[in-house]
Amino acid sequence: MARYNFRETEAKWQRIWHERRLFESAAEPGRPKYYVLEMFPYPSGKLHVGHVRNYTMGDLVARYRRAQGFNVLHPMGWDAFGLPAENAAIAEHTHPALWTGENIRTMRAQLQRMGFAYDWSREIATCHPEYYRHEQKMFLDFLAAGLAYRKESWVNWDPVENTVLANEQVIEGRGWRSGAIVEKRLLAQWFLRITAYAEELLDALSGLDRWPERVRLMQEHWIGRSEGARVVFQVAGREERIEVFTTRQDTLFGASFLALSPNHPLAQRLAETDPTLAEFIAECNRIGTSEAAIETAEKRGYPTGLDAVHPFDPSRRVPVWVANFVLMEYGTGAIFGCPAHDQRDLEFARKYRLPVLPVVLPPGADPASFAVGEDAYIEDGTLYNSDFLDGLSVTSAKRAAGERLEALGRGERTIAWRLRDWGVSRQRYWGCPIPVVHCGACGIVPVPERDLPVTLPQDVSFAEPGNPLDRHPSWKHVACPACGRPAQRETDTLDTFFESSWYFLRFCSARSAEAFERATVDYWMPVDQYIGGVEHAVLHLLYSRFFTRALTRCGYLDLAEPFAGLFTQGMVCHQTYQSGTGDWLFPEEVATDAEGRIVDDAGRPVVTGRTEKMSKSKKNVVGLDAIVDTYGADTARLYLMSDSPPERDLEWTETGIEGTWRYVNRLWRLVDEPAIALPPAGTAIPAGLAPAAAALRRATHKTILAVTEDLDQFRFNRAVAHLRELSNAIEEFPAETPGAGHALREGLETLVRLLGPMMPHLAAEMWQRLGHGDVLALVPWPEADRDLARDTLVTIAVQVNGKLRGTLDIERDAEKGAVETAALALPQVSRWLDGNKPRKVIVVPNRIVSIVA
RNA sequence: GCGGACGUGGCGAAACGGUAGACGCAGCAGACUUAAAAUCUGCUCCGGGUUUCCCGGGUGCGGGUUCGAGUCCCGCCGUCCGCACCA
């Protein structure tokens with residue numbers, strides 16, 4: 001029996017697609033377009049099967065939309081700047097550019113072997129000056145527009161990567177890549193003013209109706225809008241004032257202390273003359289607020305000895321503390337504490353024996369006896385002990401207190417955001433240089449546009465830790481562009497998320513001398529279907545939304561949202577294995593012995609661990625090359641689409657890929673060894689076929705409808721199931737049926753066309769084998785004949801008292817009365833009715849008859 | 001702690017409120033083979049019975065709505081993910 005020769009076939013069709021430039025596209029104003037994009041990869045080395053699931057999905061969508069007649073843009077490129085290249089340079093004594101280039105060559109070849117329909121003429125790598133020169137210009141435009149700025153601030157310092165991280169890159173107090181506990185450092189850094197768009201980025205989320213709800217919620221929380229008030233407290237007997245932010249201005253009469261962040265300017269100033277306070281602050285910064293959150297929730301404070309004047313009652317004073325749980329980065333860096341109605345304040349007050357004065361009375365509680373115990377009362381209630389607020393609800397009291405603050409000039413209602421500005425400075429070599437010069441006389445001077453790009457020096461050393469740009473003997477020394485005196489280049493480079501924030505625009509006109517051509521961007525954007533991992537929910541996806549708006553503000557384009565549709569795919573998982581000594585083992589290093597035990601090469605027992613996301617560190621990876629060598633690209637592609645819903649994790653198993661390989665061969669035999677002779681391609685199908693042939697036609701057209709719907713809704717696993725049902729129907733088709741050849745040819749051709757987006761090589765070869773001279777990739781998506789797809793007979797379930805008692809085969813759309821009569825006539829039904837008349841009969845057309853006895 | 005998602009056979013999973021388990025994996029039995037692989041046929045939720053069929057139970061647990069609930073509502077339990085001293 002002939003096996004399908006994927007090696008020859010896949011190479012053949014890849015050559016034909018390439019030679020005919022089938023997947024290169026150009027903007028065609030007026031023609032409907034479809035921009036499909038998968039999050040571009042970081043060129044880290046070799047691909048494993050887990051890497052290609054989302055590219056397979058993207059390719060499926062691209063080929064499907066192309067068959068539907070859309071002008072499809074489906075590009076690929078490389079997110080090529082980043083720290084792993086530097087680490088490799090250190091470990092392997094190579095250069096980041098060489099290492100990156102080598103990886104790109106390897107991974108490009110791997111993607112090409114998968115037969116993905118990319119327009120390779122648009123390939124980009126972000127580490128090339130032809131790419132990053134444009135973002136240097138963007139940076140300068142942001143600077144001019146006030147969207148980029150430099151400030152000294154407390155930043156997240158990763159002690160392993162020796163660089164600053166953005167808030168979005170700190171996960172549970174640790175660096176997102178290194179896993180090192182992040183420290184706080186006060187540094188002068190470049191920031192992008194993403195907070196200027198906080199409201200817009202939040203409001204526009206509701207319009208992203210083709211985004212997963214989960215991602216929108218994550219962004220909503222990340223942006224974190226809180227309505228409240230800014231309240232000004234005068235420090236008693238001093239000039240200073242302390243501003244706090246609160247969402248509970250209604251509870252101001254319950255205030256029993258003010259707390260400053262250790263990094264609050266007033267706290268810093270007081271520490272200059274108070275060594276104990278200075279030591280307390282130093283300790284807070286040493287531990288770091290985020291680590292403290294992980295280790296212990298203990299609240300610690302230090303009384304400054306100052307008192308603040310209550311804004312509503314000048315005769316009242318509240319002590320001013322410095323407290324470790326107050327963040328300088330949120331609100332104003334200072335709070336007022338109302339222990340009765342805030343759990344955190346309560347814990348602090350209990351520890352330092354500060355008064356707990358309730359001002360919100362729970363419904364039905366007795367004002368004379370109500371007291372707060374272990375838990376602060378945070379629900380709604382009626383204000384009391386609160387002067388002019390007495391008797392109001394929490395909501396009304398918030399309004400009244402806010403109005404009074406505004407009238408007194410001691411505050412105002414305002415909104416606080418959790419979102420902070422995006423810190424983009426990185427103290428690393430392998431990134432885009434920030435195009436500014438520091439001049440002793442002129443300060444910060446932008447590099448003039450005519451001098452762009454500022455390129456990275458090639459001759460750098462990674463022998464010592466720290467930033468090679470800073471150590472380079474000559475690179476940073478330049479004349480000030482403004483005054484000509486000796487000055488120094490900025491040696492920080494941009495966060496690599498800067499590159500990925502606009503690459504989708506560059507793809508629209510990848511070879512343009514400008515960043516992108518306005519007309520092509522206007523045609524192709526927004527991306528119709530974006531596909532990638534959920535790990536970028538508040539990183540890349542938020543930055544890109546901001547960046548698109550910032551570019552619009554600077555006149556580059558006219559667009560707010562870059563990604564109209566988003567799909568976040570699940571991960572590919574594999575069982576993990578460990579040797580007796582605890583070392584991780586690759587799947588190919590283990591086997592099952594005669595007794596069914598899992599053993600290693602030497603026959604020693606292996607510990608099987610949980611199934612986890614494929615990762616090099618746990619060695620539970622399956623190399624892409626090995627799979628393509630053994631089974632071919634199409635088998636891998638189909639398997640990746642078939643076993644789990646695309647948004648859920650997929651477990652890769654050897655038996656699973658083998659099962660798919662068997663199916664591929666079954667498909668091949670359908671055309672290689674057809675059961676009966678088929679009429680020539682293009683023969684019209686005669687009317688009035690035998691029932692069996694009509695049944696196959698019905699199955700065929702039903703499959704078109706089902707698969708089309710499945711692909712539209714990203715239900716690829718169901719699409720595969722429907723295709724397998726059709727191939728089962730074709731295999732079981734009785735060949736001796738009159739007119740069989742016509743129905744069989746239609747079934748096979750339809751199957752092949754529907755398979756095209758998933759298994760493009762096999763389908764193309766089958767199409768040719770069926771006698772077609774054209775290339776399947778250019779054949780339109782099949783259209784279903786709804787009349788042919790409709791059943792003439794339907795099977796209706798019959799329930800008595802909610803239990804299934806029988807089924808009824810009856811003409812489709814039969815009269816309700818006739819269905820009821822037929823159902824009641826069923827012997828199983830009369831047995832359960834026991835001679836009685838039914839109390840009620842419900843007929844759902846073509847579905848069910850429900851009889852109540 | 002807050003927010004979200006998800007709990008269905010031995011496994012991956014299907015099921016507009018309408019016949020639970022489609023499609024596949026694994027397993028079992030058989031055919032073809034000297035044999036193996038490949039291929040093909042049949043069986044496979046659990047319990048019971050008078051066994052071409054019938055009865056009962058079954059979608060994490062407990063309630064509810066409905067002629068009818070895996071699906072909707074309320075309350076639990078569990079798993080995973082995100083955020084986490086955000087004032």
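Chain A is the first sequence line, chain B the second, and so forth, proteins listed ahead of strands; every chain is numbered from 1.
- One P atom belongs to B:G58, the other to B:G63, and the distance between them is 12 Å to the nearest Å.
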RNA chain B in dot-bracket form (Watson-Crick or G-U pairs under 3.5 Å, [ ] crossing, | inter-strand) is (((((((..(((.....[....))).(((((.......))))).(((((...)))))..(((((..]....))))))))))))....
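- When the P atom is compared between B:A36 and B:G48, the two are found 35 Å apart, to the nearest whole Å.
- In this structure, B:G9 shows a glycosidic angle within 90 degrees of zero, which is the syn conformation.
- In this structure, the side chain of A:Asn263 does not engage the main chain of A:Met328 through any donor-acceptor pair within 3.5 Å.
- For the pair A:His574 NE2 and B:G12 P, the interatomic distance rounds to 15 Å; values are reported in whole Å.
- Using a 4.0 Å heavy-atom criterion, one finds that A:Val852 contacts the sugar-phosphate atoms exclusively.
- Between A:Leu260 and A:Val326, every side-chain heavy-atom pair lies at or beyond the 4.5 Å cut-off.
- Within the nucleic acid shown, A:Arg648 comes within 4.0 Å of sugar-phosphate atoms alone, with no base atom in reach, counting heavy atoms only.
- Distance from the side chain of A:Ser226 is smallest for B:A87 among the nucleotides B:A87, B:A13, B:C81.
- Counting non-hydrogen atoms under 4.0 angstrom, A:Gln799 reaches a base of the nucleic acid.
- The same atom, P, is picked in B:A5 and in B:C73; the two are 11 Å apart, to the nearest Å.
- Closest contact between the side chain of A:Arg669 and the listed nucleotides B:A13, B:U39, B:G24 involves B:U39.
- A distance of 10.5 Å separates CD of A:Glu347 from CZ of A:Arg350, quoted to the nearest 0.5 Å.
- Taking the six-membered ring for Trp and thresholds of 30 and 60 degrees, A:His536 and A:His540 have ring planes more than 60 degrees apart, a perpendicular arrangement.
- Interface remark: the A:Lys299 side chain does form a donor-acceptor pair with the B:C85 base, using a distance-only criterion of under 3.5 Å.
- Rounded to whole angstrom, the span from the CG atom of A:Leu726 across to the C1' atom of B:G24 amounts to 16 Å.
- With rounding to whole Å, A:Glu658 atom CD is found 10 Å from B:U39 atom P.
- Phosphate contact (OP1/OP2 of B:A14, side-chain N/O of A:Asn717, threshold under 4.0 Å): present.
- Heavy atoms of A:Trp417 sit nowhere under 4.0 angstrom from any nucleic acid atom.
- Taking atom CD of A:Glu725 as the reference point, atom P of B:G24 lies 8 Å away to the nearest angstrom.
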Note to self: Quick one, A:Trp668 with A:Tyr663, criterion ring-ring contact (aromatic ring centres under 6.0 Å, His included). Give me CA distance, side-chain angles, the key distance, then yes/no.
What the structure shows: CA-CA 9 Å; A:Trp668 175 243; A:Tyr663 178 60; over 10 Å; no
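- Annotation: A:Trp211 is not in aromatic contact with A:Phe567 [ring centroid separation under 6.0 Å not met].
- Comparing the same atom, P, in B:U59 and in B:U71 gives a spacing of 9 Å after rounding to whole Å.
- With contacts defined as side-chain heavy-atom distances shorter than 4.5 Å, the pair A:Leu266/A:Ile242 qualifies.
- Taking the ring centroids of A:Tyr543 and A:Trp422, they lie under the 6.0 Å cut-off.
- Relative orientation of the A:Trp321 and A:Tyr352 rings is tilted, given thresholds of 30° and 60° on the angle between their planes.
- Nearest nucleotide to the side chain of A:Leu217, out of B:U19, B:C67, B:G3: B:G3.
- Nearest nucleotide to the A:Trp222 side chain, out of B:C83, B:A87, B:G12: B:C83.
- A:Tyr631 contributes no side-chain N or O that, together with a main-chain N or O of A:Asp634, makes up a donor-acceptor pair within less than 3.5 Å.
- The phosphate of B:G4 has neither OP1 nor OP2 within less than 4.0 Å of any side-chain N or O from A:Arg216.
- A:Ile842 comes within 4.0 angstrom of a nucleotide base, judged by non-hydrogen atoms across all strands.
- Comparing the same atom, P, in B:C11 and in B:C45 gives a spacing of 13 Å after rounding to whole Å.
- A straight line from CZ of A:Phe716 to C1' of B:A14 spans 17 Å, rounded to a whole angstrom.
- For the P atoms, the distance from B:U39 to B:C55 is 40 Å, rounded to whole Å.
- Closest approach to the A:Ala721 side chain among B:C23, B:G18, B:G12 is made by B:C23 (side chain taken as heavy atoms from C-beta onward).
- Nearer to the 5' terminus of RNA chain B, by closest-nucleotide assignment, is the contact made by A:Thr807 (compared with the other of A:Thr807 and A:Arg420).
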Whether each nucleotide of nucleotides 47-54 of chain B has a protein heavy atom under 4.0 Å at its base (B), only at its sugar-phosphate (S) or at neither (-) is summarised, 5' to 3', as -------S
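- Note on A:Arg418: every side-chain N or O is 4.0 Å or more away from OP1 and OP2 of B:A87.
- Within the structure, every side-chain polar atom (N or O) of A:Lys803 is placed at least 4.0 Å from both OP1 and OP2 of B:C67.
- B:A84 atom C1' lies 15 Å from atom CZ of A:Phe325, rounded to whole Å.
- Ring centroid separation for the pair A:Phe257 and A:Phe336 does not come in under the 6.0 Å cut-off.
- With hydrogens and angles ignored, the 3.5 Å screen pairs no side-chain donor or acceptor of A:Asp649 with any backbone N or O of A:Gly570.
- Using the six-membered ring where Trp is involved, A:Phe245 and A:Tyr330 have ring planes that are perpendicular, over 60° apart on the 30 and 60° scheme.
- Dashed line: the shortest gap from a side-chain N or O of A:Arg724 to OP1 or OP2 of B:G24 is under 4.0 Å.
- For the C1' atoms, the distance linking B:G18 with B:G68 amounts to 7 Å, nearest Å.
- Positionally, the nearest nucleotide of RNA chain B for A:Thr655 lies more toward the 5' end than for the other of A:Thr655 and A:Phe336.
- Contacts of A:Asn728 with the nucleic acid, taken as non-hydrogen atoms under 4.0 Å apart, involve only primed sugar atoms and P, OP1 or OP2.
- The phosphate of B:U19 has neither OP1 nor OP2 within less than 4.0 Å of any side-chain N or O from A:Thr795.
- The CD1-C1' distance, from A:Ile378 to B:A87, rounds to 13 Å in whole Å.
- Here the P atom of nucleotide B:C25 and the CD1 atom of A:Ile657 are 12 Å apart, to the nearest Å.
- B:A20 and B:A14 have their C1' atoms separated by 9 Å, given to the nearest Å.
- For A:Arg662, counting side-chain heavy atoms from C-beta on, the closest listed nucleotide (B:A26, B:A87, B:G18) is B:A26.
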